[in-house]
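Naming: A, B, ... by sequence-line order, numbering from 1 per chain.
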Protein chains: 2
Amino acid sequence: MPRTRRIPVPPWRDTPQRLQVLRALAARPGFSSAKLLHARMAADGCEVGLSTVYRALAALVEAGQADVVRDDNGERLFRHRGEEQHQHYLVCRHCGFALALDTDEIETWADRIARESGFADVRHTVELAGVCTECSAGPL
Amino acid sequence: MPRTRRIPVPPWRDTPQRLQVLRALAARPGFSSAKLLHARMAADGCEVGLSTVYRALAALVEAGQADVVRDDNGERLFRHRGEEQHQHYLVCRHCGFALALDTDEIETWADRIARESGFADVRHTVELAGVCTECSAGPL
DNA sequence: CAAGGCTTGGCAATGATTTTCATATCAAAT
DNA sequence: ATTTGATATGAAAATCATTGCCAAGCCTTG
């Protein structure tokens with residue numbers, strides 16, 4: 001019983017803005033930057049402050065409803081997390097085509113490392129990038 | 001999403017500043033931020049501009065003499081790379097302490113993916129980050 | 001010595017993210 | 001319905017790591 005303790009997540013009020021952010025995020029297939037989401041929402045006619053987008057995204061991440069990674073420029077990219085667990089991809093450096101990978105091995109490995117190291121809250125990032133067959137074949 | 005890659009390396013002049021940066025980096029056990037290195041060098045009496053520290057670190061990374069990861073704040077942490085090969089680490093998000101990992105499994109896995117996918121020039125990034133035992137015990 | 005090129009370092013500029021703060025909104029109590 | 005206390009919003013300002021700029025310094029070669 002004493003397993004349930006839900007304090008960390010501060011009050012949460014369902015506001016139209018937060019729903020908008022969630023919808024915008026869910027509507028995107030891959031990872032998107034806050035900036036991009038903000039722009040896209042604006043384009044769709046819903047005016048939401050950039051600060052609010054950031055706050056909503058932070059809350060979503062906190063609540064485990066979104067994943068976040070960093071791109072090469074240190075920018076944060078967010079992705080809605082459905083019921084599927086996180087996934088890794090092999091991305092084409094040239095055209096952006098992404099191939100979903102079977103990552104059981106990696107997950108198991110990462111879990112073991114986390115356990116054996118004694119570190120807390122271990123999270124991992126695995127990124128594979130190459131040039132897909134089409135891009136390496138065709139000119140351009 | 002433009003890729004960022006520049007840094008002309010051709011001419012490389014060994015300057016005292018660059019050597020200082022390299023020494024400072026090599027002197028640290030784990031990953032360190034540019035800011036920290038700069039401060040530590042200053043404390044050791046060698047005045048080197050922050051810009052120079054950044055440039056030297058970029059050059060070292062480019063030359064494969066240093067590894068770089070990102071902490072939770074998007075800050076870049078650098079680590080000197082000795083003669084050891086490509087290596088992955090479990091980094092403490094809080095103090096930067098890094099634990100070298102046995103990554104045979106990952107390497108094998110990545111190689112297999114590269115082979116099976118047909119992608120060319122596949123490179124990978126694996127980052128594990130958590131909070132080390134000391135930091136999770138201490139304050140915060 | 002002179003010219004040209006690589007370096008340096010202080011400072012301005014960037015750009016993402018956060019904070020501030022006055023205002024708006026909600027939920028429950030009155 | 002009105003008050004009240006707490007939370008949310010957004011525009012602008014603040015932060016902060018990192019990079020760009022550029023005049024001045026240092027080397028190397030002619």
Hey, what are the protein-to-nucleotides 13-16 of chain C N/O distances that come in under 3.5 Å?
| residue | atom | partner | partner atom | Å |
| --- | --- | --- | --- | --- |
| C:dA16 | OP1 | A:K35 | NZ | 2.6 |

* Rounded interatomic separation in angstrom, taking NE2 from A:H38 and C1' from C:dT18 -> 15 Å
* Passing candidate, salt bridge (charged side-chain N to carboxylate O under 4.0 Å, His left out) with B:D67, options B:R76, B:R81, B:R79 -> B:R81
* To do: Please indicate whether A:R40 has more than 12 foreign heavy atoms, meaning atoms of other residues, nucleotides or ligands, lying under 6.0 Å from its CZ.
  => no
* Got a donor-acceptor pair under 3.5 Å from the side chain of B:R55 to the base of D:dG20? -> no
* Mutual orientation of the aromatic rings belonging to A:H88 and A:H124 [parallel < 30°, tilted 30-60°, perpendicular > 60°] -> tilted
* Would you indicate whether the side-chain heavy atoms of B:E105 and A:T108 approach each other to under 4.5 Å? => no
* Within residues 42-49 of chain B, find the residues that approach DNA chain C with a heavy atom at under 4.0 Å, and present them sorted by residue number. => B:E47, B:V48, B:G49
* Gap between atoms CG and P, on B:L57 and D:dT18 respectively (whole Å) -> 9 Å
* State, with a plain yes or no, whether a side-chain heavy atom of A:V126 is found less than 4.5 Å away from one of A:L101. => no
* To do: Look at the side chain of B:H38 and the backbone N and O of B:V48, then say whether any donor-acceptor pair between them is shorter than 3.5 Å.
  => yes
* **Note, B:Y89 side chain near B:F31 side chain (heavy atom, < 4.5 Å)** => yes
* **A:F78 vs A:L25 side-chain heavy atoms within contact, under 4.5 Å** => yes
* Asked: With a 4.0 Å cut-off on heavy atoms, is A:T15 in touch with a base, just the backbone sugar-phosphate, or nothing at all?
  -> sugar-phosphate
* Record whether the side chain of B:S51 comes under 3.5 Å of the base of C:dC11 through a donor-acceptor pair of N or O atoms. => yes
* In whole angstrom, what separates B:L50's CG from C:dT8's C1'? -> 13 Å
* Structure fact -> Quick note, B:R18 side chain, CB onward, closest among C:dG9, C:dT7, D:dT9 is C:dT7
* Note, A:I113 side chain near A:V122 side chain (heavy atom, < 4.5 Å) -> no
* To do: Compare side-chain N and O positions of B:Q17 against OP1 and OP2 of C:dG9 and report whether any pair is under 4.0 Å apart.
  => yes
* To do: Starting from C1' on C:dG9, measure out to CD on B:Q20 and report it in whole angstrom.
  => 15 Å
